[in-house]
Amino acid sequence: MSDPKTANLKYTFPKSERLHSKKLIQELFDKGSSFYLYPFKVIFLTQADHEQNEVLISVSKRKFKNAVTRNLLKRKVKEAYRLNKNLLTTESQTFPKALIGYIYTGNDILPYQTIEAKLKKSLLRLKKELTELSNKDQS
RNA sequence: GGGGCAAGCCAUCUUAUCGCCCCGACUUGUCGGGGAGGAAAGUCCGGGCACCAUAGGGAAGCAUAGCGGCUAACGGCCGUCUUUCAGUUUCGAUUGAAAAGGACAAGUGCAACAGAAAGAAUGUACAGGUUAAGCUGUAGUGAAACCAGGUAAACUCUAUGCGGUGAAAUGCCAUGUAAGCCUACGCUUGAGGGUUCCCGUCCGAUGUAGGUGGGUGGGCAGAUUGAUUGCGGUAGCAAUGCCGUGACUAGAUAAAUGAUAAGAACGCUCCAACUUGUUGGGGUAUGACAGAACCCGGCUUAUCGGCUUGCUUUUUUA
RNA sequence: GCACCCGUAGCUCAACUGGAUAGAGUACCAGAUUUCGGCUCUGGGGGUUGAGGGUUCGACUCCUUCCGGGUGCG
């Protein structure tokens, strides 16, 4: 991790980038702000003292009763995030890191290509929101 | 060759790039190895294991129910008897399927409608019979009136089994509900504490309850080699046991197996050719049910398709 | 992961310890009343009692296997 730029360029998604602490999840849902972009609901909360973004991906049991389809969707979203997270990390080193929650709210099992396209869109939107937030803090 | 039924087995494969979880090695970020199911599901039964101060007796409760066997155990499995249903029949039987299949000759309850009568009831008609008489038979109603009546997936009785709670159990480390103060009760002649209830047993006062004050929600063990399983032999009708010899086959914890691309094979579907069920080409696209959560043995339910064996039926040929 | 409860007309509830056509209110439809509408009155339709199997002469009720919905446990 001596060179953060090359490290961030890697298309990896290790455990440290996944949100797994119960306490932080609770905080995210209580205080975080959110927007909808079909098929996702995106929740985010800035964390100044964090080294990297932490991401949570969730699929509702109410909408998808089958554990297999839930797993499938989670994997597809995970994969899409892994390949496109550089949209967030590379250029924008200035604003603070955040907790991000992706809730899959769609009713259908979408193919990977559309999921990826939508996720790219949502990342760009998220980037915009975060920069606005950091600008507000500075001013 | 086609169809049907039953039993058993399998549950697409290969390569490349990027990535996830665990283990090992060292040069500490690289390499090597491993990585979901037959039901992992439902949680319907039975265990292992752990804790509950002790885990004994009785009552209550729950479960099982021909007989015998297997098993760690079972409500499971195997064998067998009986009953019922279906097929065949040379009327002797035989084949297959199903069955919560103890007791109403202990007691209590229940039985709509119909019927004279549904439980100390005996009517009517006809026939028989008698000194006389529901004394005998038949008819009619009904699920039951065959009289020691029917009904126990009605209470109940009999026999057998079960103490309770479940890995959110439990132990250790870290953290520290601490310490202190106030109030009430109690003092070895036994308070309080188990539990569905009672008795017995057991523990034995720095105790119990409330208030004030003040947090964590992490890690390790439990936890993956076991009533495990392949093959061979052996005992047994079988379930299954025993012996020998191999194999190691996930250990995650907001929860790991994926994505993309190419090919093979199996499907599905369209077109063409004729030899009429094959060949060639195109399209679709990995197909069903479905994701381990302490671990096993069963049961039940879901399931695209393929293979093997046996039985049966039909067609063709002789 | 474990333990437990509930499913009856579109909705809210009844139906005794098995006994027959499963009954109310509301909503819906039609008629009466009104110039029209509402209110009111009368009548009507609507149920495989969550699904399948079993016990029984007979099942909403008893037993069993699924399906759906909900609750509790750190």
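Below, chains carry the letters A, B, ... as their sequence lines are ordered, and counting in each starts from 1. Here the structure is a predicted model, which means the values were calculated and not measured.
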Exercise for review: Taking ring pair (Phe, Tyr, Trp, His ring centres under 6.0 Å) as the test, write out the residues that go with A/F44, two or more places apart.
Suggested key: none
Using the 3.5 Å cut-off, write out each protein N or O paired with an N or O of nucleotides 250-253 of chain B and the distance between them.
residue: B/U253; atom: OP1; partner: A/K15; partner atom: NZ; Å: 2.5
residue: B/U253; atom: OP2; partner: A/K15; partner atom: NZ; Å: 3.4

Exercise for review: Just label C/G44 as syn or anti from its O4'-C1'-N9-C4 or O4'-C1'-N1-C2 angle, using within 90° of 0 for syn.
Suggested key: anti
Enumerate the protein-to-nucleotides 15-18 of chain B contacts in which both atoms are nitrogen or oxygen and the separation is below 3.5 Å.
residue: B/C18; atom: O2'; partner: A/R82; partner atom: NH1; Å: 2.8
residue: B/C18; atom: O2; partner: A/R82; partner atom: NH2; Å: 3.2

Point to revise | Any-strand Watson-Crick or G-U partner of B/U308, both distances under 3.5 Å | key: B/A7
Check your understanding: 5'-most contact on RNA chain B: A/N66 or A/V55, nearest heavy atom basis?
Key -> A/V55
**Study point:** Flag side-chain contact, heavy atom, 4.5 Å: A/I103 against A/F40
**Key:** no
Point to revise | For B/U206, the Watson-Crick or wobble partner whose two distances fall under 3.5 Å | key: none
Point to revise | Under the side-chain contact (heavy atoms from CB on, under 4.5 Å) test, residues paired with A/K78 that sit two or more places apart | key: A/F13, A/I57
Review point. Quick one: NZ on A/K118 to OH on A/Y104, what's the gap to the nearest 0.5 Å?
Key: 10.5 Å
Check your understanding: Considering the options A/V42, A/L37, A/V77, A/L83, which one meets the side chain to side chain contact (heavy atoms under 4.5 Å, CB included) requirement together with A/L119?
Key -> A/V77
Check your understanding: Which value, in whole Å, describes the distance between the P atoms of nucleotides B/U71 and B/U228?
Key -> 14 Å
**Study point:** Torsion-based syn/anti label for B/A36, 90° from 0 as limit
**Key:** syn
Practice item. Taking atom C1' in both B/A6 and B/U15, compute the distance separating them and give it to the nearest angstrom. Key: 42 Å
Exercise for review: Could you pull out all residues at least two apart from A/E79 that satisfy salt bridge (Lys or Arg N to Asp or Glu O under 4.0 Å)?
Suggested key: A/R82
**Study point:** Nearest-Å distance once atom C1' is located in both B/U84 and C/G54
**Key:** 15 Å
Check your understanding: When you compare B/G42 with C/G1, how far apart are their C1' atoms, in angstrom units rounded to a whole number?
Key -> 14 Å
Practice item. Return the value, rounded to whole Å, for the distance between atom NZ of A/K78 and atom C1' of B/G19. Key: 11 Å
Review point. For B/G34, is chi within 90° of 0 (syn) or not (anti)?
Key: anti
Practice item. Nearest whole angstrom, please: distance from the P of B/G19 to the CZ of A/F13. Key: 14 Å
Practice item. For nucleotides C/C63 and B/C62, find the distance between their C1' atoms and express it as a whole number of Å. Key: 15 Å
**Study point:** Atom pair CD1 (A/I115) and CG (A/L73), whose distance is rounded to the nearest 0.5 Å
**Key:** 5.5 Å
Review point. How close or far is atom C1' of B/G19 from atom CG of A/N86, stated in whole angstroms?
Key: 14 Å
Check your understanding: What would the secondary structure line of RNA chain C be in dot-bracket form, counting Watson-Crick and G-U wobble pairs under 3.5 Å, with [ ] for pairs that cross earlier ones and | for pairs with another strand?
Key -> (((((((..((((.....[...)))).(((((.......))))).....(((((..]....)))))))))))).
Practice item. Name the pairing partner of B/U130, where a pair is Watson-Crick or G-U wobble with both distances under 3.5 Å, or state none. Key: none
Review point. Is there a Watson-Crick or G-U wobble partner for B/A273 with both distances under 3.5 Å, and if so, which one is it?
Key: B/U278
Check your understanding: If you measure from the P atom in B/C77 to the same atom in B/U196, how many Å do you get, rounded?
Key -> 34 Å
**Study point:** Point-to-point distance, once rounded to the nearest 0.5 Å, from CG of A/L45 to OG of A/S33
**Key:** 7.0 Å
Exercise for review: Please list, chain by chain and in numerical order, all residues satisfying side-chain contact (heavy atoms from CB on, under 4.5 Å) with A/L72, sequence neighbours excluded.
Suggested key: A/K76, A/I109
Exercise for review: Scan every strand shown for a Watson-Crick or G-U wobble partner of B/G79, both distances under 3.5 Å, and answer none if you come up empty.
Suggested key: B/C67
Exercise for review: For A/L99 and B/A254, give me the distance from atom CG to atom P, rounded to whole Å.
Suggested key: 16 Å
**Study point:** Whole angstrom value for the distance that separates P of B/G258 from CD of A/E116
**Key:** 18 Å
Review point. Once you round it to whole Å, what is the distance between P of B/U260 and CG of A/N84?
Key: 13 Å
**Study point:** Length of the CZ-P vector between A/R75 and B/G291, whole Å
**Key:** 12 Å
Exercise for review: Work out which heavy atom in A/Y102 is nearest to a heavy atom in A/S122; give both atom names and the distance.
Suggested key: OH-OG, 2.9 Å
Check your understanding: Are the side chain of A/R70 and the backbone of A/V59 linked by a donor-acceptor contact shorter than 3.5 Å?
Key -> no
Exercise for review: Mind telling me if B/U240 is syn or anti? Syn here is a glycosidic angle within 90° of 0.
Suggested key: anti
Practice item. Just name whichever nucleotide pairs with B/G244, Watson-Crick or G-U, keeping both distances under 3.5 Å, else none. Key: B/C231
Point to revise | B/C18: pairing nucleotide in any strand, Watson-Crick or G-U under 3.5 angstrom | key: B/G258
Check your understanding: What residues form a side-chain contact (heavy atoms from CB on, under 4.5 Å) with A/K120, not counting sequence neighbours?
Key -> A/N84, A/L87
Check your understanding: 5'-most contact on RNA chain B: A/T69 or A/Q113, nearest heavy atom basis?
Key -> A/Q113
Check your understanding: Which label fits B/G287, syn or anti, where anti is any glycosidic angle not within 90° of 0?
Key -> syn
Point to revise | Rounded distance in Å between the P positions of B/G75 and C/U65 | key: 15 Å
Point to revise | Contact state string [nucleotides 37-43 of chain B, B base, S sugar-phosphate only, - no protein heavy atom under 4.0 Å] | key: -------
Point to revise | C/U64 versus B/A100 - spacing of their P atoms, nearest Å | key: 13 Å
Review point. Nucleotide range of RNA chain C contacted by chain A, 5' to 3', under 4.0 Å to a heavy atom?
Key: C/G69 to C/G70
Review point. Among all residues two or more places apart in sequence or in another chain, which pass the side-chain contact (heavy atoms from CB on, under 4.5 Å) test with A/R125?
Key: A/F35, A/E129
Practice item. To the nearest 0.5 Å, tell me how far A/E17 CD sits from A/I100 CD1. Key: 10.0 Å
Review point. What's the CG-P distance between A/N71 and B/G35, to the nearest Å?
Key: 19 Å
Study note, to complete from the structure: OG1 of A/T105 to NZ of A/K41, rounded to nearest 0.5 Å, is 9.0 Å
Review point. Who does B/A250 pair with, Watson-Crick or G-U, both distances under 3.5 Å?
Key: none
**Study point:** Stepwise side chain to side chain contact (heavy atoms under 4.5 Å, CB included) check, A/V55 with A/Y81
**Key:** CA-CA 9 Å; A/V55 181; A/Y81 176 82; 3.1 Å; yes
